[in-house]
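So the structure is just underneath, and the comments pick up after that.
Here the structure is a predicted model, which is why all the values come from computation and not from measurement. Each residue takes its place number in the sequence, starting with 1.
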Amino acid sequence: MTITLQDVAGILGLPTDGIVVTRSTSEDWFAVCAVVFGAQPLASEFHHSGDLHISFLYRLYTRWNDHAGDHDREIYFTKAHIARMLVCWLLADKSGGSNIGCRLVPLLEGGFDEIDRFSWGSAVLAHLFRNLCECTDVG
């Protein structure tokens, strides 16, 4: 028995058809973060492995009350929350949700209607299978 795409769709309610969740890995990540989150990470929040430390998102959250009612800021904070949900729950890895894969950040660049067009259920299932393979590697 194994988890299927129908299980992911039924249990998590994620779309399983749509645009494939993939993106280039050669981008100016500081500029991409500025577009998606309205702020650039500090050098200490960016890992050479191509990941952002989750402290970047927490730093954004601490400024939430300062910008309540500002529509653009609310969009940035919502995208930060979506990123946190992805890395902490749906696409979690051995880092325990402490790192954000930079490849995910550009997927949040568009509007919410564009974000919804991705096949997130397929990405979650592929991520789950990949991690199952890694944790059962005898070597």
Single-linkage hydrophobic cluster, 4.5 Å side-chain cutoff, [X] and [Y] together:
X	Y	answer
V105	F112	yes
M85	L12	no
V21	I19	yes
L107	W89	no
L86	Y76	no

So, taking the atom named [atom1] in [X] and the one named [atom2] in [Y], what distance separates them when rounded to the nearest 0.5 Å?
X	Y	atom1	atom2	answer
L108	I100	CG	CD1	9.5 Å
L57	I82	CG	CD1	11.5 Å
D51	L104	CG	CG	9.5 Å
E114	D116	CD	CG	11.0 Å

Heavy-atom pair of closest approach, residues [X] and [Y]:
X	Y	answer
A39	F56	O-CZ, 3.4 Å
G38	R73	O-NH1, 3.5 Å
Q40	R59	O-NH2, 3.1 Å
F37	A83	CZ-CB, 4.0 Å
V36	K79	O-CD, 3.7 Å

- Item | salt bridge (charged side-chain N to carboxylate O under 4.0 Å, His left out) partners of R117, counting only residues at least two apart |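 R117 satisfies salt bridge (charged side-chain N to carboxylate O under 4.0 Å, His left out) with no residue once adjacent residues are dropped.
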
Please report, to 0.1 Å, the donor-acceptor pairs under 3.5 Å made by any side chain of residues 118-129, with sequence neighbours excluded.
{"residue": "S119", "atom": "OG", "partner": "T16", "partner atom": "O", "Å": "3.1"}
{"residue": "S119", "atom": "OG", "partner": "S122", "partner atom": "OG", "Å": "2.6"}
{"residue": "W120", "atom": "NE1", "partner": "I115", "partner atom": "O", "Å": "2.9"}
{"residue": "S122", "atom": "OG", "partner": "T16", "partner atom": "O", "Å": "3.4"}
{"residue": "H127", "atom": "NE2", "partner": "L91", "partner atom": "O", "Å": "3.2"}
{"residue": "H127", "atom": "NE2", "partner": "A92", "partner atom": "O", "Å": "2.7"}
{"residue": "H127", "atom": "NE2", "partner": "N131", "partner atom": "ND2", "Å": "2.9"}

- Neighbour count above 12 (heavy atom, 6.0 Å) for I3 CD1: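 No, the 6.0 Å shell around CD1 holds no more than 12 heavy atoms from other groups.
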
- Verify side-chain contact (heavy atoms from CB on, under 4.5 Å) between H81 and F77, making sure each step is shown before the conclusion. CA-CA 6 Å; H81 185 69; F77 288 121; over 6 Å; no

- Using 30° and 60° as the class limits, which term best fits the ring planes of F46 and F30: parallel, tilted or perpendicular? tilted

